[in-house]
Asks: 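Structure incoming, see below.
Values below: every heavy atom of this structure, side chains too, minus hydrogens, waters and symmetry copies. Keep in mind that what you see is a predicted model, and the values were worked out from it rather than measured.
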Amino acid sequence: MARFTRIEVALKMKETGMIPVFYNADAEVCKRVVKACYDGGVRLFEFTNRGDFATLIFAELNKWAQQQCPEMIMGVGSVIDEGTAAMYIALGANFIVSPLVDEATARVCNKRKIAWSPGCGTVTEIGRAHELGAEVVKIFPGFEVGGPGFVKAVKGPMPWTSIMPTGGVSPTEENLKAWFEAGVTCVGMGSKLFPKEVLANENYSYITQKCEEALKIIGKYKK
């Protein structure tokens, strides 16, 4: 069962402004990455549903995180159907992120009062996501959809919209400044936060440092 309510999840998204997005087939690598992010001040983490036996990796990771990183809100991304959402909810996922708007996924999350952030690429999709109960919508792929300019354009007629871009986000001041000045609630950050060479060299202190730097930058520009 989820340890954090969907209200707590939404508030923490706005408060911290960043969610690392990561998957690895090795549960031990995942644990080290989660701990590195946690030490850097991160309090939400999106485990990406990729690869065979991903649910088993998350089950181990989430149980470990509850003990070793007790304030970390663990969620799961790349969920495209209700069956997968239900499996991860049963394993304690505190939020579900999708690359698309799927009504059946919305229903199963709402039944369990789990935060759900669907991927949207148009204003119509964002409006439909709101109707289905999404508090924070994901724009994906963020850069290809239109980047910060798209966010700013949406916030004009729909200023109540809470947006989380994933794709095209990097831990640099120039990039984060553009997203947050456009009005995002938070950002999802993947490969730019976890370069392949850093993982290969097990340089987890780099990840901690980058998280600290990114959160500091976000603090300067978030509204």
Asks: Under 3.5 Å, is there a donor-acceptor pair linking the side chains of Asn24 and Arg50?
Replies: no
Asks: Under a 4.0 Å N-O cut-off, is there an ion pair linking Glu15 with Lys12?
Replies: yes
Asks: I'd like to know if Glu173 and Lys177 make a salt bridge, using a cut-off of under 4.0 Å between side-chain N and carboxylate O.
Replies: no
Asks: Is the backbone N or O of Arg32 less than 3.5 Å from a side-chain atom of Tyr204, with the two atoms forming a donor-acceptor pair by type?
Replies: no
Asks: Strictly by modelled atom types, are Thr84 and Asp81 linked by a side-chain donor-acceptor pair under 3.5 Å?
Replies: yes
Asks: Does CD belonging to Glu197 count more than 12 external heavy atoms closer than 6.0 Å?
Replies: yes
Asks: Any idea which heavy atoms bring Ser170 and Leu176 closest together, and the distance?
Replies: O-CG, 3.5 Å
Asks: Indicate the atoms forming the closest heavy-atom contact of Ala59 with Leu91, along with that distance.
Replies: CB-CD2, 3.9 Å
Asks: Do you know which two heavy atoms are closest between Asp52 and Tyr23, and how far apart they sit?
Replies: O-OH, 4.1 Å
Asks: Under 4.0 Å between a side-chain nitrogen and a carboxylate oxygen: does that hold for Arg128 and Glu103?
Replies: yes
Asks: Return the set of residues passing ring-ring contact (aromatic ring centres under 6.0 Å, His included) with Tyr88 (not counting sequence neighbours), or none when no residue passes.
Replies: Phe58
Asks: Between Pro148 and Trp179, what is the shortest heavy-atom contact and its length?
Replies: N-CZ3, 3.5 Å
